[in-house]
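I have placed the structure first, in the form of structure tokens, so that the comments after it can refer back to it.
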Amino acid sequence: MKIRNYKILIRKSHRYLGVFIGIQFLLWTISGLYFSWTNITEIRGDHLRQDANAIKPFDEAVSPTAIQNELMSIDPSAKISSFRIVNVLATNYFEAVYNGTGEGNKMVLFDTKNGKPRPSVSQKEAEKIAENALAKWAAVKNTVLLSKENVGLHHEYREKPLPAWAVTFDHPEDLTVYVSADNGQVQSFRTRRWRVFDFLWMLHTMDFIGRDDINNWVLKIYTVLSLLMIVSGFLYFVITARSPWKTSVQKADQNPEK
């Protein structure tokens with residue numbers, strides 16, 4: 001292939017790759033600017049919350065062995081994977097996460113005083129928990145119970161314990177507080193700014209399914225194409241650049257009197 005044909009091929013490759021990749025470069029730049037110019041604590045809604053679930057002091061409590069026996073009476077095949085104390089509406093509970101019959105881990109709360117299991121958090125309790133978690137009071141607009149059936153990969157409440165209550169408030173930032181129905185703990189705050197962040201994060205990672213996989217094939221292909229575009233640009237610069245010696249000879253030919 002002649003040098004001229006090489007030049008045309010490299011030039012066209014660089015041009016069309018530039019248009020194709022340039023759109024994603026623009027999205028990367030816009031999302032990157034948003035990430036760098038925003039406060040992540042405000043994106044998470046930390047400025048809107050207060051710690052209302054601190055453990056309350058207590059003098060007496062049943063032993064962990066009694067809790068284990070109580071759990072075995074519920075599910076004889078239960079194997080505890082984690083055990084801690086949590087607070088739900090000013091009452092302390094032992095939280096036992098275990099693997100038993102059925103699929104996946106399960107969670108149950110036991111009263112620290114009598115060792116009795118606590119039923120799942122009701123809607124009214126979830127709304128009260130969410131209200132207590134706010135630094136400034138706001139009215140509840142609506143509450144929805146989320147389960148595996150109505151939470152997809154694109155949902156803003158993903159990769160967190162289910163079932164959960166989504167408590168939405170009449171708030172300037174369009175705030176939704178998510179409360180676990182199993183242990184009554186606030187899992188996340190989601191605001192309008194977080195949703196913008198999440199959308200831009202999807203564009204940045206190019207994970208249009210789950211949004212959080214930075215090893216997806218779309219991103220890998222684009223990074224390879226981006227490298228090819230940069231290399232083609234350098235190659236085109238090299239093969240079209242004129243050396244000082246060649247330029248001086250051309251000028252001498254054009255001006256024979258000198």
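Hydrophobic side-chain contacts under 4.5 Å tie V97 into a cluster, directly or through other members, with M107. In the hydrophobic clustering (ILVMFWY side chains linked at under 4.5 Å, chained through shared members), W37 is joined by L33. Grouping Ile, Leu, Val, Met, Phe, Trp and Tyr residues whose side-chain heavy atoms lie under 4.5 Å apart, directly or via other members, places L146 in a hydrophobic cluster with V144, V151, Y157, L162, Y178.
Between the side chain of E173 and the backbone N or O of T191, no donor-acceptor pair lies under 3.5 Å. In this structure, D46 contributes its side chain and E42 its backbone to no donor-acceptor pair below 3.5 Å. Not one N or O on the side chain of W165 forms a donor-acceptor pair closer than 3.5 Å with the backbone of K124.
The existence of a salt bridge linking R195 and D174 is confirmed by a sub-4.0 Å separation between a basic side-chain nitrogen and an acidic carboxylate oxygen.
Side-chain contact of T205 with D207: a donor-acceptor pair under 3.5 Å is absent, judged by distance alone. Looking at T41 and N39, their side chains do bring a donor and an acceptor atom within 3.5 Å of each other.
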Report, one line per pair, each donor and acceptor closer than 3.5 Å where one atom sits in a side chain of residues 19-28; sequence neighbours left out.
{"residue": "Q24", "atom": "NE2", "partner": "L203", "partner atom": "O", "Å": "3.0"}
{"residue": "W28", "atom": "NE1", "partner": "H204", "partner atom": "O", "Å": "2.9"}

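Contact record, A126 with V167: O-CG2, 4.0 Å, taken as the closest heavy-atom pair.
Among residues at least two apart or in separate chains, there is no side-chain hydrogen bond (donor to acceptor under 3.5 Å, both in side chains) pair with a member in residues 218-230.
With sequence neighbours left out, Y34 forms a ring pair (Phe, Tyr, Trp, His ring centres under 6.0 Å) with no residue at all.
Annotation for F199: atom CZ does not count as buried by contact number, only 12 or fewer foreign heavy atoms lying within 6.0 Å.
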